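Supplied in structure tokens, the structure appears directly below.
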Amino acid sequence: MYTEHFGLSELPFTLTPNTHFFLNMPTHHEALNLIMVALAGGDGFVKVVGEVGTGKTLLCRKLLNALEGDEYVTAYIPNPYLSPDEFRKSFAKEIGLEVSDLEHFDLLDAINHRLIELAQAKLKVVLLVDEAQAIPEETVEALRLLTNLETESAKLFQVVLFGQPELDDLLSKKSLRQLLQRITFSYQLSHLDHEAVEHYINQRIQRAGFKGMSLFKHDAARKIAQASCGTPRLINILSHKALMAAYGKGDLKVDGNHVSRAIEDTEGVSIPRNPKVLVWGSIGLLFTVTIIFVYLGIHK
């Protein structure tokens, strides 16, 4: 691969969420800080929503790392497309219970006792649910009922939901309004603007071991920003392919031509046309047609 050619110690644009490459961007730092403040305050539900590829899973992994230590016990459910009973069992296993032989009421009793035990040990339990838009409606209600487990002064565990915009559609259903009312903090992840995309690319390159000033020329970063619409996952794909294109030609810098080849090789990605160019093109065409008609009128 191209790592040695560019003086890199590792691949900078893999699609696997790696907290070493956590987005050093205001939107993701704001989201992380918001979650940490909400958890410290004992709030029951926190929701983070973002479009496909905006870095939700990476943020979730970063949060898991941030909660490591003596104060928190974390439960992580990456695929919540589960029945209510499967969801309860997954949560129970995450907090250290053996639940294979437990039925509904015994399972709830075991979860309750375990949560009380952790609370008495001064430990906060946090459940992180990734891809939360996939939770079946009846399982969302089961989760809400689980959060009714509490002491006289505090909830026995807190929940952070990470999901695509469809999560908002799910929670807007009338049947789930009780859970929606319990979400005390919500954050919407945004796409990166052109300047942030260039910063993002340079950050990942540097964290991958690059020692120079900039491996991607400005026009290359600009094209990636336009084609990706600021979506981190697409930025990674295009940047990786552009590096491969540069490596294939023996070039030491990535320019706009390398990015163009990457765009051509990626389905569903293209440089949006400049609206101003389209407008002036239309004006020019109209002007030309008008001149032709005037000319024909004069020479009748």
Side-chain angles (χ1 to χ4, degrees), residues 1-33 50-63 65-66 187-277:
M1 193 54 76
Y2 53 71
T3 50
E4 186 176 347
H5 177 75
F6 292 112
L8 304 171
S9 57
E10 59 183 310
L11 293 173
F13 297 107
T14 59
L15 297 183
T16 303
N18 183 345
T19 54
H20 176 60
F21 294 108
F22 178 68
L23 299 173
N24 189 23
M25 296 289 131
T27 179
H28 291 78
H29 275 300
E30 286 173 8
L32 183 60
N33 290 338
E51 264 295 352
V52 175
T54 51
K56 297 182 297 298
T57 298
L58 184 58
L59 177 60
C60 184
R61 298 274 179 88
K62 184 70 174 180
L63 178 61
N65 291 348
Y187 194 90
Q188 177 81 41
L189 291 176
S190 60
H191 292 80
L192 307 181
D193 60 28
H194 285 202
E195 184 179 346
V197 169
E198 187 164 9
H199 178 66
Y200 169 82
I201 292 171
N202 289 333
Q203 172 193 291
R204 292 189 73 112
I205 287 290
Q206 290 164 6
R207 292 193 178 183
F210 185 69
K211 302 300 182 184
M213 291 294 292
S214 180
L215 182 52
F216 281 68
K217 292 183 179 180
H218 180 70
D219 68 321
R222 180 176 51 80
K223 275 191 174 183
I224 290 173
Q226 290 175 324
S228 67
C229 297
T231 303
R233 182 180 297 163
L234 292 177
I235 297 169
N236 287 355
I237 291 172
L238 294 174
S239 298
H240 172 64
K241 289 183 176 181
L243 282 168
M244 291 182 67
Y247 171 63
K249 295 182 66 177
D251 296 333
L252 294 176
K253 294 277 187 179
V254 176
D255 60 29
N257 292 327
H258 302 131
V259 174
S260 294
R261 292 184 61 187
I263 293 170
E264 291 169 2
D265 188 62
T266 305
E267 291 188 13
V269 173
S270 61
I271 297 283
R273 290 185 177 183
N274 189 333
K276 292 181 180 179
V277 173

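The shown structure was predicted, so the numbers you read here are calculated from the model rather than taken from an experiment.
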Exercise for the section: Inspect the surroundings of CZ in Phe210 and state if more than 12 heavy atoms from other residues, nucleotides or ligands are less than 6.0 Å away. Expected result: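 Atom CZ in Phe210 is packed in, count exceeds 12.
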
Exercise for the section: Search all heavy atoms of Ala262 against all heavy atoms of Lys241 and return the closest pair with its distance. Expected result: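 What the structure gives for the nearest pair is CB-CB, 3.6 Å.
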
Handout entry: Atom pair OG (Ser270) and CD (Gln226), whose distance is rounded to the nearest 0.5 Å
Key =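 Rounded to the nearest 0.5 Å, the OG-CD separation comes to 10.5 Å.
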
Handout entry: CG on Leu192 to OG1 on Thr27, rounded to 0.5 Å
Key =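 One finds 8.0 Å between OG1 of Thr27 and CG of Leu192.
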
Exercise for the section: Answer with yes or no whether the side chains of Tyr2 and His240 bring together a donor and an acceptor at under 3.5 Å. Expected result: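 Yes - a donor-acceptor pair under 3.5 Å links their side chains.
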
Practice task
Flag the pair Arg261 / Met244 as yes when at least one side-chain heavy-atom distance between them is below 4.5 Å, and no otherwise.
Solution key: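 Side-chain contact under 4.5 Å: no.
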
Handout entry: Spacing of OG1 belonging to Thr266 relative to CD1 belonging to Ile237, to within rounding of 0.5 Å
Key =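 The distance works out to 6.5 Å.
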
Problem - Straight-line distance of Glu51 CD to Leu189 CG, nearest 0.5 Å - result: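 So the CD of Glu51 and the CG of Leu189 are separated by 11.0 Å.
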
Problem - Side chains of Leu243 and Pro12 in contact at under 4.5 Å (non-hydrogen atoms) - result: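 They are in side-chain contact.
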
Practice task
Determine the minimum heavy-atom distance between Val197 and Gly230, stating which atoms define it.
Solution key: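 Heavy atoms only, the tightest pair is CG2-CA, 4.0 Å.
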
Practice task
Quick one: closest heavy-atom pair of Thr54 and His28, and the distance?
Solution key: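 The answer is O-NE2, 2.8 Å.
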
Handout entry: Any side-chain heavy-atom pair of Cys229 and Leu234 under 4.5 Å
Key =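 No, every pair of side-chain atoms sits at 4.5 Å or beyond.
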
Exercise for the section: Check His5 against Asp251 and note the closest heavy-atom contact, atom names and distance. Expected result: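 Closest heavy-atom pair between His5 and Asp251: NE2-O, 2.9 Å.
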
Exercise for the section: Drop me the distance from Lys62's NZ to His20's NE2, to the nearest 0.5 angstrom. Expected result: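 The NE2 atom of His20 is 10.5 Å from NZ of Lys62, to the nearest 0.5 Å.
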
Handout entry: Close side-chain approach of Asn236 to Thr14, heavy-atom, < 4.5 Å
Key =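 Asn236 vs Thr14: side chains apart.
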
Problem - Closest heavy-atom pair and its distance - Tyr187, Ala31 - result: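 Of all heavy-atom pairs spanning Tyr187 and Ala31, the closest is CD2-CB, 3.6 Å.
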
Handout entry: Nearest heavy atoms of Ile263 and Ala227, plus distance in Å
Key =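 What the structure gives for the nearest pair is CD1-CB, 3.7 Å.
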
Exercise for the section: Answer whether the closest heavy-atom distance between the side chains of Glu10 and Thr3 falls below 4.5 Å. Expected result: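 No - every pair of side-chain heavy atoms lies 4.5 Å or more apart.
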
Practice task
Calculate, to the nearest 0.5 Å, the distance between atoms OG and OH belonging to Ser239 and Tyr200 respectively.
Solution key: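 If I round to the nearest 0.5 Å, the distance is 7.5 Å.
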
Exercise for the section: Please determine, by modelled atom types, if His258 and Asp255 share a side-chain donor-acceptor pair under 3.5 angstrom. Expected result: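 Side-chain D/A pair, His258 to Asp255: present.
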
Exercise for the section: Report yes if the side chains of Leu238 and Phe13 come closer than 4.5 Å at any heavy-atom pair, otherwise no. Expected result: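 The answer is no; the side chains never approach within 4.5 Å.
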
Practice task
Would you mind reporting whether Phe22 and Asn65 have side-chain heavy atoms less than 4.5 Å apart?
Solution key: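 A side-chain contact is absent here, since even the closest heavy-atom pair is not under 4.5 Å.
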
